[in-house]
Amino acid sequence: QVQLVESGGGLVQAGGSLRLSCAASGRTFSSYSMGWFRQAPGKEREFVVAINRSGGSTYYADSVKGRFTISRDNAKNTVYLQMNSLKPEDTAVYYCAAYSGYGLGYRLSEYDYWGQGTQVTVSS
């Protein structure tokens with residue numbers, strides 16, 4: 001069982017930055033690939049980025065490539081999402097998720113555990 005708690009969301013102006021964190025419970029954090037997803041009002045939850053178990057490989061959605069950076073610290077059981085050059089269309093609830101398979105998952109159904117989400121609002 002893995003419990004995930006996101007933090008770092010908030011209100012920011014367009015062009016600004018935020019850093020999200022996702023803290024995981026348990027001693028098996030390094031056994032999971034991690035992902036960030038987001039869900040805007042009235043829309044389906046969508047993939048943002050994933051990182052493999054070691055942190056050596058990442059996969060980004062085209063919409064955030066070049067602006068967002070995922071990283072992880074396995075010693076701290078934490079995954080981060082640095083978001084730069086934010087746009088109003090980035091406004092959403094951001095969720096982190098843990099995936100027990102190998103590789104980089106981008107489908108919601110591949111993920112085993114989810115956090116409760118943190119709200120990111122980008123004003124124009």
Side-chain angles (χ1 to χ4, degrees):
Q1 189 80 7
V2 176
Q3 292 184 327
L4 304 172
V5 179
E6 301 97 335
S7 61
L11 173 64
V12 64
Q13 289 188 332
S17 299
L18 281 175
R19 188 193 196 203
L20 305 184
S21 299
C22 174
S25 64
R27 296 182 291 177
T28 60
F29 178 69
S30 59
S31 298
Y32 294 87
S33 294
M34 300 296 295
W36 286 95
F37 292 76
R38 66 187 181 186
Q39 187 165 16
K43 295 188 176 181
E44 294 186 350
R45 194 171 299 188
E46 65 174 8
F47 170 78
V48 176
V49 59
I51 189 167
N52 71 343
R53 299 177 179 194
S54 68
S57 294
T58 57
Y59 178 59
Y60 291 87
D62 288 343
S63 58
V64 305
K65 201 174 295 183
R67 300 188 298 122
F68 290 11
T69 302
I70 190 172
S71 61
R72 67 188 295 164
D73 186 337
N74 286 344
K76 295 183 178 180
N77 284 9
T78 302
V79 62
Y80 305 98
L81 182 63
Q82 178 67 43
M83 304 186 295
N84 299 328
S85 302
L86 282 161
K87 305 175 181 180
E89 50 264 43
D90 294 318
T91 295
V93 177
Y94 283 72
Y95 299 89
C96 73
Y99 165 52
S100 60
Y102 290 91
L104 297 165
Y106 62 92
R107 299 184 183 92
L108 276 72
S109 59
E110 293 176 297
Y111 285 78
D112 304 289
Y113 302 101
W114 293 83
Q116 83 289 348
T118 185
Q119 176 71 47
V120 171
T121 303
V122 184
S123 63
S124 57

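No hydrogens, no waters, no symmetry mates; every other heavy atom, side chains included, goes into these values.
Shortest non-hydrogen contact noted between Tyr111 and Gly105 is OH-O, 2.6 Å. In terms of heavy-atom proximity, Tyr95 sits nearest to Gly115 at CD2-O, 3.6 Å. Shown here for Arg72 and Ser54, the closest heavy-atom pair between the two residues is CD-C, 4.4 Å. Nearest approach of Ala14 to Pro88, heavy atoms of both residues: CB-CD, 4.1 Å.
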Run Phe29 and Val2 through side chain to side chain contact (heavy atoms under 4.5 Å, CB included) and show every step you take. CA-CA 8 Å; Phe29 178 69; Val2 176; 5.8 Å; no
Given the rule in the side chain to side chain contact (heavy atoms under 4.5 Å, CB included) test, do Tyr59 and Val49 qualify, once you have shown the distances and angles that lead to the verdict? CA-CA 6 Å; Tyr59 178 59; Val49 59; 6.0 Å; no
What's the verdict on side chain to side chain contact (heavy atoms under 4.5 Å, CB included) for Thr78 and Met34, showing C-alpha distance, side-chain angles and the deciding distance? CA-CA 10 Å; Thr78 302; Met34 300 296 295; over 6 Å; no
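Within the 4.5 Å cutoff, side-chain heavy atoms of Ile70 are placed close to those of Tyr60. Taking 4.5 Å as the limit, every side-chain heavy atom of Gln13 sits out of range of all side-chain heavy atoms of Val122. Counting only heavy atoms from C-beta outward, the side chains of Met83 and Arg67 never approach each other to under 4.5 Å. Leu20 has its side chain within reach of Trp36: a pair of non-hydrogen atoms, C-beta onward, lies under 4.5 Å apart. Counting heavy atoms from C-beta on, the side chains of Gln39 and Glu46 never come closer than 4.5 Å. Counting only heavy atoms from C-beta outward, the side chains of Tyr94 and Leu81 approach each other to under 4.5 Å.
Proximity of the aromatic rings of Tyr113 and Tyr99 is defined here by a centroid distance below 6.0 angstrom, and this criterion is not met.
Linking Ile, Leu, Val, Met, Phe, Trp and Tyr whenever their side-chain heavy atoms come within less than 4.5 Å puts Leu104 and Trp114 in one cluster. Under the 4.5 Å side-chain heavy-atom criterion for Ile, Leu, Val, Met, Phe, Trp and Tyr, Tyr32 and Val79 are members of the same hydrophobic cluster. Leu4 and Val48 fall within the same hydrophobic cluster, where Ile, Leu, Val, Met, Phe, Trp and Tyr residues are linked whenever their side-chain heavy atoms come under 4.5 Å apart, directly or through other members.
Checking side-chain atoms of Glu6 against main-chain N and O of Gly117 turns up a donor-acceptor pair under 3.5 Å. Although no hydrogens or angles enter the test, the distance criterion places no donor-acceptor pair under 3.5 Å between the side chain of Gln82 and the main chain of Arg19. Using modelled atom types, one side-chain atom of Asp112 and one backbone atom of Ser100 make a donor-acceptor pair closer than 3.5 Å. Under a 3.5 Å cut-off, the side chain of Gln119 and the backbone N or O of Gly9 do not form any donor-acceptor pair.
Every side-chain contact (heavy atoms from CB on, under 4.5 Å) that Ser71 has, sequence neighbours left out, goes to Tyr80.
Among the candidates Val12, Thr118, Leu11, the single residue satisfying the side-chain contact (heavy atoms from CB on, under 4.5 Å) test with Leu18 is Val12.
A salt bridge is absent between Asp90 and Lys87; no separation between the charged side-chain nitrogens and carboxylate oxygens falls under 4.0 Å.
To the nearest 0.5 Å, the span separating CD on Gln116 from SG on Cys96 amounts to 8.0 Å. Taken from CG in Asp73 to OG in Ser30, the straight-line distance is 11.5 Å, to the nearest 0.5 Å.
A perpendicular orientation is assigned to the rings of Phe47 and Tyr106, their planes being inclined by more than 60° (bins at 30° and 60°).
Among residues at least two apart or in separate chains, there is no disulfide bond (SG atoms under 2.5 Å apart) pair with a member in residues 48-77.
Between the side chains of Asn52 and Ser33, no donor-acceptor pair is found at a separation under 3.5 Å.
Geometric assessment of Arg53 against the ring of Tyr102 yields a positive cation-pi assignment under the 6.0 Å and 45° thresholds.
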